Amino acid sequence: MNTTVPQKRTNTTDHKNQWLDAHYDPVAGLYTFSSCVDLADLSGDGESRLVVGDLGSGLSGMKLKVFQGTALLSESTLLDLPTGLVAFFMDLHEPRIPAVAVASGPCIYVYKNLRPYFKFTLPGLEVNPVEQDVWQQVKEGQIDPLTMKEMLEGIRKKADVPLSVRSLRFLSLETDEMDEFVQLHKQQPIKRQTVITCVGTLKKSTADEDGVSCLVIGTESSNVYVLDPEAFIILSKMSLPAPPTMIDVTGQFDVEFRITVACRNGNIYILRRDSDKPKYSMELSSHPVGLVRVGKNVVVGCTDESLQGFTQKKLWRTTLPAPIITMAAMDLPTRGFQGVLVGLANCEVHLYRDKNLLSNIKTPDVVTSICFGRYGREDGTLIMTTKGGGLMVKILKRTAIFDDRDGTPGPPLAQSVRLNVPKKTKLYVDQTLRERENGVAMHRAFYMDLSRMRLAAAKAYVKALESSLTPMSSSLSEPLKMNAVVQGLGPTFKLTLNMQNTAACRPVMNLAISFLYDENLYRMRTPYLRIPLLVPGLIYPVETLVECTSDKGISDIIKVFVLHEGKGCPLLTAHINMPVSEGLMLN
Amino acid sequence: IRAPKAPELPIVERRNWLIHQHYIRKDYETCKVFIKEQLQETNGMCEYAIYVQALILRLEGKIQQSLELFQSCAILNPSSTDNLKQVARSLFLLGKHKAAVEFYHEAARLSEKDWEINHNLGVCCFFIKNFKHAEEHLNTALQINKHHKTFMMLGKVHLLTGDTDKAIDVYKRAVENFPENTELLTTLGLLYLQLGKYQKAFEHLGNALTYDPNNYKAILAAGSMMQTHGDFDVAMNKYRVAACAVPESPPLWNNIGMCFFGKKKYVAAISCLKRAHYLSPFDWKVLYNLGLVHLTMQQYASAFHFLSAAINLNSRMGELYMLLAVALTNLEDGENATRAYEQAVMLDESNPLVNLNFSIFLYNHGDKKAALDQYQEMERKVNLLQDSSSSAEFDPELMDMAQKMRAALQVADNVVWTKPGKDSKSKPNSAAATKTPGAPLGSNQALGQAMSSAVSYNKNIQLPTGTNFTFCRQECEWVKTHSRENVSVKLVQNAHSDLAWKSLP
């Protein structure tokens, strides 16, 4: 595993120069988060093992797995979903072998030498006395389940202390199930339990590498507990405004410590030794996905694809190319290097020091958990699990150099791309020259043609008006408007003529419609229609059916005339372009 | 007889952390599986599972459904501000701003000093055009937490109420708090640009480009400023970046075209302007520039068409009519040229160029009296401009031409020169004229320096603009250039009319 290949530095962000591919098992079947992965020398032989809390399918099959080298060393079943896993020294016994604590539901399971050693359960939460009273009454038969339901509903709406699981379940039951439920549960004392959401470790009194550590536990009830490692009693209890999601601890419990907690309300809080309330808070604009401490700074990755650095106030912010999936610290004390590893949704893992990207590792799948540290006998090992369940191990090359380049990017690449300006042809240039020489003549010719066109248009317009060829009649006595709609595929079409009297108030009477068409092509049921009195403004649809008698797939124009009784000249005319008949003649 | 032992009931919140982990990783499919599982296990009593389900539905655009789920969350836990806030948010997204305001007020009763509530209240009030309340709420939000979104919104409110000074103050404070926020920097830069504070504008736009060299808006604004100062190569560098990011932007291609024009590459200029015209056929500014370039190319017939199209789109601009008159003059259509000039003089209020060109035109056509009137009108405008700002500058060629005209008219008619005030006017003109050769004057110079320093400090500075505004300035410059040419050309008479004019058949 210790291969050192002297290589020339070419591109520092090219991960081939920095990382060795030690192992990749795409079907390791691991489903886990960075918080459930740790590296520890579990047998005291100087070789580090990988301990993984595997969530199985997320519903069942949860396991604690231990890897050595490329092989699975052992696995044991977990009772519930692991939310966090830490290796820590819980006593001063020799040889110095760390225990493994797995947080799961309301309990911490401690394993020593990979054997179950101790189970610690969080103390129950305060139960609403009124609720207790109600259950007492129902137990003594003073009230019936329906009354109890009403009372519990009332408590739920008003009380500060939420109801227990039992009451909530009771409230969701149908009336006929209530009795049975009450009979079954009334003897048990009411409990209200919470769930662990994250776990961390805090050195008790010394900063030594193998010093005894306390467990720091964040719970769904928005509390943080510090546990004594030997007696498993609660040393300190602190409260937060929202349930914690990620936790980072530094310092020693007996001296001074600092707990940085990311919460579900999108804020980050800092807890100190002397107070049970957060000392500082940092409001983020989106949810934190990853929280890593580098020295005194906190680096937070957010859902808005940004990486932000904080002390107590914001120091910097940088934008990432894809959503963050997970984050982990990369701490290499032998080289004095500290960085942040960020797993992204675009199958890349980026290494940042402050806001500078130092390394970009491309992975075959989306990385869901990252752990960096000593594995086997190799100090700089990067362990990743992927969304598909794969396990990947990479080793930092000893020749790898991380350049602290200036964060400001150079000129964007696009600046050197030539502008795509369309070329002009020789013809264009010739025409330009021609225009220069003959501009005046061209303009006059244009103007002449324009005048002619206007004249032609005006003539056509006058002609149309004079012979009532338009579908609009602007005559003072019968101002009419008509439009025609043809519906159908053929051979029979429905012809709808919408007539409108556009006069202000005078109705129009004694109108008729007649059609002119090629009788070889079309047959019309009613080639002459009388129109009723037209009230001003309303649209009158006049319908008739046209049958196409030809099967040759040709169409023609049907002319519509609107006539006034007793007058030879039509009031208006419309030309209807009939569509080709698509239907076959049946006979 | 003992009752059978009661089974342990699973804790309602036991998978909340897992749902949250998948939600923030945007793995919504897995998230939904766990939510479903959790709701089955708890008979739908798990508030957080419903809450996240509603959030996901909202992200998927099913806002009404999400609203209903948030409402049921609020029933499960009426004391939670989060639920109320989300109900309000969904209402807001549905456009029911008044209802949203009510829910936010309700939420505000439960939790004081909440930035989110105050900010969103401000946004709601903004949408129902209650600017006074919007301002109050946004200011309260800023007191609780300085957030760039709130600054942005407050600035917008001030701009909409027409209070530019306050808006600038807000953006200034915002930039102090978020010195690397390119959106704020660009907005402030554009605002300064509109107010004519070019140096400050350039400073902010340059900063924006330092942090984000691909910021399209900033590139366009800064580029047009560089262009105005003749820095065409630098401007082109910036435009190349923008052309990669937004290859179909009409203002960008217009500006690139005018860069080529400034570098006297007329064919390329026409290519780019025609592309801009293709992308935005109803933008009169592009047509204006096309007309200008064609005039320069002595393609008067084409210029006429572009200019008359521009006039059809914007018939309130004197300069357009003036250019049209120039084209018509060259097309030997004196009658319509006169009408165009008359229209131009009528519409224009402050550009002495219009009157000067008309004066020359009239002089060339032998109407010295009318030419004199126009000349005097021009001097009046020059004086007005000089009175209104001491730093008013004029194109040296304009002044040169004006002096020639004065000489010409003086010869023709002595009376003119006896009028008072004339001499006092012409002196500043000539003084300015002697100063001008070569380097640009006053503030221009400072800006030029600012530009070059910015450029050296980060090799590529770019600038873009609230496009519209800059174009006008640019155009004016080109107009000047052009008008000279026009003057020197001998004018002949002939009659033709154009589309823009009601003309005789």
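Since the structure is predicted, the reported quantities are computational estimates derived from the model, not experimental observations. A, B, ... follow the sequence lines: proteins, then strands. Residue 1 opens every chain.
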- prompt: With a 4.5 angstrom heavy-atom cut-off, which part of A/L55 approaches chain B: side chain, backbone, both or neither?
  reply: side chain
field: Winner by heavy-atom pair count (cut-off under 4.5 Å) against chain B, out of A/R436, A/R452, A/H287, A/M442
entry: A/R436
query: Near A/E153 CD, under 6.0 Å, is it more than 12 heavy atoms from other residues, nucleotides or ligands?
result: yes
task: Could you pull out the closest heavy-atom pair between A/Y31 and B/L18, with the gap in Å?
output: OH-CD1, 4.1 Å
- request: Search all heavy atoms of A/P106 against all heavy atoms of B/I11 and return the closest pair with its distance.
  value: CG-CD1, 3.8 Å
- request: Compare every heavy atom of B/P10 with every heavy atom of A/V165, then report the nearest pair and how far apart it is.
  value: CG1-O, 3.2 Å
message: Taking OH in B/Y278 as the centre, count heavy atoms belonging to other residues, nucleotides or ligands within less than 6.0 Å. Is the count above 12?
response: no
Atom CD of B/Q40: over 12 foreign heavy atoms under 6.0 Å: yes
- prompt: Among A/P243, A/G439, A/G58, A/S35, which residue forms the greatest number of heavy-atom pairs with chain B at distances under 4.5 Å?
  reply: A/G58
message: Around atom NZ of B/K263, are there more than 12 heavy atoms from other residues, nucleotides or ligands closer than 6.0 Å?
response: yes
- request: Report yes if some heavy atom in the side chain of A/H185 is under 4.5 Å from a heavy atom in the side chain of B/L9; otherwise report no.
  value: yes
- prompt: For B/A268, is it the side chain, the backbone, both or neither that has a heavy atom under 4.5 Å from a heavy atom of chain A?
  reply: both
- request: Give the intermediate values and the outcome of side chain to side chain contact (heavy atoms under 4.5 Å, CB included) for residues A/Y428 and B/I270.
  value: CA-CA 11 Å; A/Y428 171 82; B/I270 289 179; 3.4 Å; yes
Interatomic spacing from CD1 in A/I196 to CZ in B/R14 - rounded to 0.5 Å: 14.0 Å
- prompt: In Å, rounded to the nearest 0.5 Å, how long is the span from CZ of B/F304 to OH of A/Y447?
  reply: 8.5 Å
query: What residue in B/V12, B/N145, B/I256 has the most heavy-atom pairs under 4.5 Å with chain A?
result: B/N145
task: To the nearest 0.5 Å, tell me how far B/Y211 OH sits from A/R317 CZ.
output: 14.0 Å
task: Under 4.5 Å, counting heavy-atom pairs only, tell me which of B/H147, B/H294, B/R275 racks up the most with chain A.
output: B/R275
- request: Give a yes or no on this: more than 12 heavy atoms of other residues, nucleotides or ligands lie within 6.0 Å of atom NZ of A/K191.
  value: no
Polar contact flag, side-chain donor to acceptor under 3.5 angstrom, A/E435-B/S302: yes
query: Any cation-pi pair here, A/R264 with B/Y23, using under 6.0 Å and within 45°?
result: no
task: Would you give the length of the straight line joining atom CD of B/Q299 to atom CZ of A/R434, rounded to the nearest 0.5 angstrom?
output: 11.0 Å
field: Flag if over 12 foreign heavy atoms under 6.0 Å of NZ, B/K32
entry: yes
- prompt: To the nearest 0.5 Å, what is the distance between CG (B/N16) and CD (A/E220)?
  reply: 4.0 Å
query: Heavy-atom distance under 4.5 Å to chain A: side chain of B/H119, backbone, both or neither?
result: neither
task: Check whether B/L76 gets within reach of chain A through its side chain, its backbone, both or neither, counting any heavy atom under 4.5 Å.
output: both
statement: Cut-off 4.5 Å, heavy atoms of chain B, and the answer for A/P244 is neither
message: With side chain to side chain contact (heavy atoms under 4.5 Å, CB included) as the criterion, how do B/Q21 and A/F33 come out once you've worked through the C-alpha distance, each side chain's angles and the decisive distance to 0.1 Å?
response: CA-CA 9 Å; B/Q21 289 295 331; A/F33 297 101; 4.0 Å; yes
Where B/E37 and A/L59 come nearest, the two heavy atoms and their spacing: CG-CD2, 3.4 Å
message: Quick check for you: to the nearest 0.5 Å, what is the distance between B/F34 atom CZ and A/L81 atom CG?
response: 7.0 Å
query: Is it true that B/E180 and A/K355 have a side-chain N and a carboxylate O under 4.0 angstrom from each other?
result: yes
Residue selection (most heavy-atom pairs with chain B, distance under 4.5 Å) from A/T368, A/I324, A/T194, A/V421: A/V421
query: With a 4.5 angstrom heavy-atom cut-off, which part of B/E41 approaches chain A: side chain, backbone, both or neither?
result: backbone
task: Test A/K387 against B/D27 for side chain to side chain contact (heavy atoms under 4.5 Å, CB included), laying out the working first.
output: CA-CA 10 Å; A/K387 197 172 180 183; B/D27 185 358; 3.9 Å; yes
task: Kindly give the heavy-atom pair with the smallest separation between B/R25 and A/I325, and that separation in Å.
output: NE-O, 2.7 Å
- prompt: So, the side chain of B/K26 versus the backbone of A/T303: is there a donor-acceptor pair under 3.5 Å, distance only?
  reply: yes
field: Which atoms of B/D82 approach chain A - backbone, side chain, both or neither, heavy atom under 4.5 Å
entry: neither
Proximal component of A/D80, with respect to chain B [non-hydrogen, under 4.5 Å]: side chain
- request: Please report the shortest heavy-atom distance between A/K424 and B/V267, naming the atom on each side.
  value: CG-CG1, 3.4 Å
- request: Please state whether the side chain, the backbone, both or neither of A/P241 comes within less than 4.5 Å of a heavy atom of chain B.
  value: neither
